[in-house]
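Before any comments, here is the structure.
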2 protein chains.
Amino acid sequence: MKMTSGVEWALHACVTLSQAADPVPAARLAELHGTPPAYLAKQLQSLARAGIVTSTAGQVGGYTLTRPATEVTVLEVVQAVDGTEPAYRCTEIRQRGPLAVPAEKCERSCAIARAMAEAQEAWSRALSRITIADLARGIDADSDGTAMADVRGWLAAV
Amino acid sequence: MKMTSGVEWALHACVTLSQAADPVPAARLAELHGTPPAYLAKQLQSLARAGIVTSTAGQVGGYTLTRPATEVTVLEVVQAVDGTEPAYRCTEIRQRGPLAVPAEKCERSCAIARAMAEAQEAWSRALSRITIADLARGIDADSDGTAMADVRGWLAAV
DNA sequence: GATACAGTACTCGGATAGTCTGTGTCCGAGTTCCTTGGG
DNA sequence: CCCAAGGAACTCGGACACAGACTATCCGAGTACTGTATC
C-alpha cells in the first residue's frame, strides 16, 4: 500500500498557505519546500478542483485557502490529491470458480471486503480529526514557536 | 492509495486453506477462485516467506497454514503480500529550502508524519483484530452456513 | 513374498516479458498591472 | 492633471514524455509415489 508522494507536498503547501493572507504562486511554494515547481503545481490543481484552495491568475495571482485552516481536515487534502477510492477493491472472487455464489445472493458485500472497509474507516476517521491548523500548531511546537513566524516573514519578504 | 490486488487472492486462499487438513496445490486454489494460477502462486510464495504458510513439494505437495486460523491476523497476510512499509513516507521536506530546519533539530518526526503514522496505526489495529477464522465465520454466515462445508467438500473431491 | 532401485509425475521457486499508474515536464490561454499617449 | 488604451509580464491549466512497479507468465530444480526387477 502506497500513497502518492504529492500528498506530502500538498499538506506542507496547505500549512504554508494557512499563514498567508495574499495569494501565493505555486513557484513560490515550490521554492520554499524545495520541490519541482511544475509537479507541485499539479497537486495544487487537484486541491483547486476539490475546492480546498482557489486560484487567481495574473501578476499578483496564486493560491489561497478557501476556508479557515481550522475547517480543512487532513483527510480532505489526502483525498483531493490521492483520490477517494478505497485502498482495497473487492473483485467479487466469490462469484467466480466452481463454487461461485449467485449474484442475487451478493447484496451484502463480501466479509473480507467488510473487514477492509472497517479498517479504512478507522484510518479516515483518524485523518478527519486533524486539521491543517492542528498541523501548523504541531510544527510550531516542534520549533519553539518560531517556524510559522518564519514562514510569514519569508512570504512577506520579496 | 492503492493496495496490491494480490491481497484479495491471498486472503481468500488463506480462508480456503483454513478448511483443509492436507496440503493444497497452488493450481487447485487458483481453480477454485478463478485466478491466474502462476500469479496466485507468487502471492503464496510471499506468504511462505512470511511464515504464514508452509510449502511441501512432491506429488501430494501444496500449501498449508503453519498456525491455526484463529492465530493468523488479516494484518499479517496484508503485510506479507503488500509489504510492511507504511503508506506515507516522509521525505523530510522541512530540511529543504530556504527555511530548512537543521538536521540536529529533527530528532522527533515531522508533525505531518506523526499524524499520518497515527492513522496508519488505527488502520493496522483494525486489521490485527480480525483473524482468518473470523473471515471464514463471516463468509459462512453470509451463506446460511454452507460455504465452508462446500469448500471442504470440493477440496476432498477428485 | 519382501525389498531395493529406477522411473515418472507432480510440486514449488526464481527468473523473465508486458502493461498501467504515477512522476516529472513543458508550453499555451488568460488575467492583472504598468506605461504611455491623449484630452 | 486625469483618464483610457495598449503592451508586457506574470499566473494558472491542460497536454505531453519517462519511469518504476504491479501484473502475468514460463521453465528449471526438487521431491514423493509407483512399478519392476531381484534376492
Side-chain angles (χ1 to χ4, degrees), chain A residues 1-10 13 17 20 22-31 33-64 66 78-89 91 93 158, chain B residues 1-10 13 17 20 22-31 33-64 66 78 80-83 85 87-89 91 93 155 158:
Chain A
M1 195 168 59
K2 223 183 62 178
M3 189 177 299
T4 306
S5 67
V7 169
E8 185 180 9
W9 307 350
L17 287 179
D22 301 320
V24 182
R28 207 85 210 292
L29 289 170
E31 182 191 355
H33 295 126
T35 60
Y39 193 36
L40 177 61
K42 202 176 184 57
Q43 315 305 334
L44 289 167
Q45 285 172 32
S46 297
L47 293 179
R49 268 192 289 271
I52 295 173
V53 302
T54 185
S55 65
T56 57
Q59 235 169 359
V60 294
Y63 288 95
T64 321
T66 56
V78 170
Q79 287 188 335
V81 174
D82 206 55
T84 58
E85 96 178 57
Y88 180 86
R89 287 151 298 131
T91 60
I93 281 187
V158 180
Chain B
M1 195 167 64
K2 224 182 62 180
M3 188 178 299
T4 306
S5 70
V7 169
E8 185 180 8
W9 305 351
L17 287 179
D22 302 319
V24 182
R28 208 83 209 293
L29 289 170
E31 182 190 357
H33 295 124
T35 60
Y39 193 36
L40 177 61
K42 201 175 186 55
Q43 315 305 333
L44 289 167
Q45 284 172 32
S46 297
L47 293 179
R49 268 192 290 271
I52 295 172
V53 302
T54 185
S55 65
T56 57
Q59 234 169 1
V60 294
Y63 289 96
T64 321
T66 56
V78 170
V81 174
D82 206 54
E85 99 179 55
Y88 180 87
R89 287 149 299 130
T91 59
I93 280 187
L155 287 175
V158 181

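The sequence lines fix the lettering, A, B, ..., with proteins before strands; numbering per chain opens at 1.
B:Ala26 comes within 4.0 angstrom of the backbone, heavy atoms only, and of no base.
Atoms OH (A:Tyr39) and P (D:dA17) sit 18 Å apart, rounded to a whole Å. Summarising the geometry, the separation between CD on B:Gln59 and P on D:dG30 is reported as 18 Å, rounded to the nearest angstrom. One atom, CH2 of A:Trp9, and another, C1' of C:dT25, lie 12 Å apart when rounded to the nearest Å. As a whole-Å value, the separation of B:Asp22 CG from D:dA32 P is 15 Å. We find that CD of A:Glu8 is positioned 16 Å from C1' of C:dG24, with the value rounded to whole Å. Between the CD atom of A:Gln43 and the C1' atom of D:dG14 there is a distance of 14 Å, rounded to whole Å.
Taking side-chain N and O atoms only, B:Arg28 has no distance below 4.0 Å to OP1 or OP2 of C:dC10. Regarding contacts with the backbone of D:dT31, every side-chain N or O of B:Thr56 stays at 4.0 angstrom or more from both OP1 and OP2. Residue B:Gln45 has a polar side-chain atom (N or O) positioned under 4.0 Å from OP1 or OP2 of C:dG14.
A donor-acceptor pair is defined here as one N or O able to donate and one able to accept, closer than 3.5 Å; no such pair exists between the side chain of B:Gln43 and the backbone of B:Trp9. Checking side-chain atoms of A:Thr66 against main-chain N and O of A:Ile52 turns up a donor-acceptor pair under 3.5 Å.
Along DNA chain C, the nucleotide closest to B:Arg49 and the one closest to A:Leu40 are compared, and the more 5′ of them pairs with B:Arg49. Place A:Val60 and B:Lys42 on DNA chain D by their nearest nucleotides, and A:Val60 ends up nearer the 5' end.
Put simply, the side chain of A:Arg89 does not reach to within 4.5 Å of the side chain of B:Glu8, judged on heavy atoms. The closest side-chain heavy-atom distance from A:Leu47 to A:Val81 is below 4.5 Å.
Nearest to the side chain of B:Pro25, among D:dC10, D:dC12, C:dT11, sits C:dT11. For A:Lys2, the side-chain atoms get nearest to D:dA21 when compared with the rest of C:dC33, D:dA21, D:dC12. Nearest to the side chain of B:Pro36, among D:dT23, D:dT25, C:dG24, sits D:dT25. Closest to the side chain of B:Thr4, from the set D:dT25, D:dC22, C:dT25, is D:dC22.
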Please report the C-alpha distance between B:Leu155 and B:Asp22 in whole Å, then the side-chain angles of each, then the deciding distance to 0.1 Å, and finally whether the side chain to side chain contact (heavy atoms under 4.5 Å, CB included) criterion is met. CA-CA 9 Å; B:Leu155 287 175; B:Asp22 302 319; over 6 Å; no
